[in-house]
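Okay, so here's the structure we're looking at.
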Amino acid sequence: MWLAGRVSHLLSVLFGTSIAVFAMMWATPGDPVQVMLADQRVTPEQVTALRHEMGLDLSLPSRFASFLWRALHGDFGRSFFHHRPVIGVIAERLPATIELTLAASVIALLIGIPLGLYAGTRPGRPTDRIASLGSLVGVSMPGFWLGLVLMLIFSVTLHLLPVSGRMGSGDEPPAVTHLLLLDSVLAGRPDMFATALRHLILPSVTLALPMAAVLMQVTRTAVIDVMRADYIVFAEAKGLARRRILLLHVLKNALAPAVSVAAIEIGAMLGGNMIVETIFSWPGVGRLVVQAIFDRNYPLVQAAVLLYAVFYAILNFAADILYALLNPRVAA
Amino acid sequence: MSMTSFVLRRRPLLASLLTLPALSRARAAGSEIRVGFTQDALTLDPANPGNRDTETIIRNMYDGLVARDSAMQIVPQIAVSWTQTDPLTYEFPLRSGVRFHDGTPLTADDVKFTIDRVLAGKIGGQTNPRRDLLGPLSHVDVTGPLAVRFVLAKPWPLLPAMLPFQEIVSKAFVEKAGDQGMVSQENGTGPFKLVAWRHGDSIVMERFDDYYGGDSGGPARVDRLIYRIMPDNSARVAALLAGDVDLINNLPVTAIRQVQANEGTRVAAVNGTRTFFLSINNAKPPFNDVRVRQALNHAVDRKLIIAKLLNGLAVPLNGVLSPDAFGFDPTLPDYAYDPGQTKAMLADAGVRDLQLTIDTDGSGKEISEAIASMFSRAGIDAKARVWETAVIVPIWRDPAKRQDHDLFYTSWGNASLDPSDIMMPAIRTGGRGNTAGYADPEVDKLLDDAETEVDREKRKALYLQAQQIINRDAPWVFLWLPQDIYGVSQRLKGWMPSPSGMIDLSRATVA
């Protein structure tokens, strides 16, 4: 029953998102046919024929109806520019984004939460101030700047890490999951694992630092709140070990808001980060979708936005479950 | 190796990551050329690449009947030569011993099939704009196992200039793979064959050992060729400087000094084929007065912009054509920079307090602003307005939508370097790229006559005449033809940039 409610909620979100995207495209001027043809030699008849094949000569309601009908049958149309179904075009780029998101999330969680806990238990002290200042810098730092600086230091100057790409010019492991780290492990190729990892470091750190900063702040605030709660004062009075109090009582209760924030941040990262992907030539969906928006590649944008909605729904669902585990009162 | 042993070995592995600083620059065994390239291919199907960058990638794997060398001369590839036997007929004897990457020999049937596929006008159910690159070509006859005849419906002297855009596919392979399969599979006759297409990341190719060798003989000199997709300018430059790649396209003007100063790299530039201009809305008063349009031409200091904003890497133009194009007129009168003359001409035309807006997309912002400030010096109240490409281009291509617009900073490519290819769309009345709305019956007639004139000298004379009229009528503010700029590693030998934008690495080596 609860699951059915969830699914129907998701479907209505998807439907609403589709309408919103169609409306926005309708309101945005621009013509994919002129973008596609640029200055190629073509006749007016060819232009008309292309408009017809791309469904651009239909009214907006009929375009929407035809989109919905085909989407219900699992057909999201063909990319105007790639000459193949949009689902395939997005699927080609999704693994890179997922791998980067996973790596960045792990880094952000490993930095943000311990730092937040540390700073929150020492509010106002110099260590807290330094951590808070660092987090403020992390939140305010533009991604393109951070990425370029890291690249200049670690790649161009020190030659420690590669400039860009997922595997550089090296061979890739046989594709199983399309996540290169995992596939290298499955293929038993530590050399490939190392290459993939080295390529992953700079983009994932660039993506992770701002998220870590947000997580740190959220955790810190929550920790400060929890530390003031009666049961913590009581636990301290009871003489429980500080370490035990922090891990069992403080962290568990302070984690709930961090989980919600992390879900939103990870959802955003799964949409692909156009800036980080561009700087590090990372072949993810962000670059693809932004280009599709500029090109007015409607089918691709439409499918990508639906995918984003699904990601958010799944992540929120996961966050709700985690929330319930952390705080049984929510589930009740 | 099993999972456990892998996990056991992980720690030393991680430690080694930081102690092997040169790993990212280490070369795989065998020679390899790496190209840092702005865009991924949209498709691998040569029948409809969709843009020039895609064709550049495809051209490493597919050869044509003919190609253009770095001096833009048309040179034979699969064809041994060509002869025009009458105004409607071209004979192409084919080279023997040419093989596709799957090992099958190329025959005349493959050539006919390739051209028929484009002539059909649709690929995978979608209209193929490339059909128009074949003009009035009627059909191809197979006249022998290694000979084809191209038959035109009406005389079309452009055929040889347009044929480098057609790459030959295998009939049997296409019939098996289908149009959809051709998007991601490859079976050409070119110097390199596809190993892997990692979408958005790289295209990996290896030498085709049975390559017949184009016009200079033998297979490619290197074992592997990799196109790495790097859309960001700074990232591409960084990769070149770090030695990660050997060649990058679209070197930004701002990085030229850095690449020149760096010990292991150099800059290579070649005239492009794209003409830049300010389209003037010829229908809108006061721009319908030729004196006003000429006055605008005198207000722009093209040489200064080229020197300051384009690092000197562009040729100023007084007309439509590249100096490298067939029929280019070097005697066109120069619109010398002279704001005083602009003021005088505007006064003569009775125009006072002229206000205008230059439309541009993001890439032309800086230059349009520079031009606007030059207009201001000539007493014109000018400003630049930045638009999204997908918005502003359709506006200017539609006479009704552009009626309130003044000037448009834009360009038109002429990859064939034949005047027809740029003048028919961008200058002839009603042409798709005639954003100025220029309409001159005399020019139209000259262009139409040149379309079918088979005598080279007579054809050239028609274009010379047309260029003089266009120069006088000034439908545009004539600007310049930028050079294509590449960053090149000193290790890379045997490669020259070509105005065609194709990157032929079949003779190149790396030290």
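Sequence lines set the chain letters: A, B, ... in the order given, protein chains first and strands last, and positions in each chain run from 1.
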Considering non-hydrogen atoms only, spot the tightest contact between B:Arg432 and A:Leu37 and give its length.
-> NH2-O, 3.5 Å
In plain terms, say whether A:Arg84 and B:Asp45 are close enough for a salt bridge, that is, a side-chain N and a carboxylate O under 4.0 Å apart.
-> no
Can you measure from CD1 (A:Ile293) to CD (B:Glu388) and round to the nearest 0.5 angstrom?
-> 9.0 Å
Residue A:Val89 versus chain B: region with a heavy atom under 4.5 Å = neither
Atom pair CZ/CG of A:Phe280 and B:Asp232 - distance to nearest 0.5 Å = 10.0 Å
Greatest number of non-hydrogen atom pairs under 4.5 angstrom with chain B, of A:Met167, A:Glu172, A:Met54, falls to A:Glu172
Nearest non-hydrogen partners of A:Gly168 and B:Arg198, listed with the distance | O-NH1, 3.7 Å
If every non-hydrogen atom of A:Met151 is compared with every non-hydrogen atom of B:Ala235, which pair is closest and at what distance?
-> CE-CB, 4.2 Å
How long is the gap from NE2 on A:His82 to OG1 on B:Thr54, to the nearest 0.5 Å?
-> 8.5 Å
Relative to chain B, which of A:Met36, A:Arg78, A:His52 shows the most heavy atom pairs under 4.5 Å?
-> A:Arg78
What distance do B:Asp132 atom CG and A:Glu45 atom CD have between them, rounded to the nearest 0.5 Å?
-> 9.5 Å
For chain B, which of A:Pro29, A:Gly165, A:Ala38 has the most heavy-atom pairs under 4.5 Å?
-> A:Ala38
Not counting sequence neighbours, which residues clear ring-ring contact (aromatic ring centres under 6.0 Å, His included) with B:Phe408? List them please.
-> B:Trp396
Spatial distance of atom CG (B:Asp201) from atom NE2 (A:His199) [nearest 0.5 Å] | 8.0 Å
How close do A:Ser164 and B:Met230 get, heavy atom to heavy atom, and via which atoms?
-> OG-CE, 3.2 Å
Any salt bridge between B:Arg397 and A:Asp31, counting N to O under 4.0 Å?
-> no
Mind listing the closest non-hydrogen atom pair of B:Ser411 and A:Asp39 along with its distance?
-> O-OD2, 4.2 Å
Okay, A:Arg166 and chain B: the region with an atom under 4.5 Å from a heavy atom over there is both
Say you draw a straight line from CZ of B:Arg228 to OG of A:Ser281; how long is it, rounded to the nearest 0.5 Å?
-> 7.0 Å
Mind checking whether B:Asp40 and A:Arg287 have side chains closer than 4.5 Å, heavy atoms only?
-> no
Indicate the atoms forming the closest heavy-atom contact of A:Leu50 with B:Thr127, along with that distance.
-> CD2-O, 3.7 Å
A:Gln34 side-chain N/O to B:Val391 backbone N/O, donor-acceptor pair under 3.5 Å | no
A:Phe154: what forms a ring-ring contact (aromatic ring centres under 6.0 Å, His included) with it, not counting sequence neighbours?
-> none
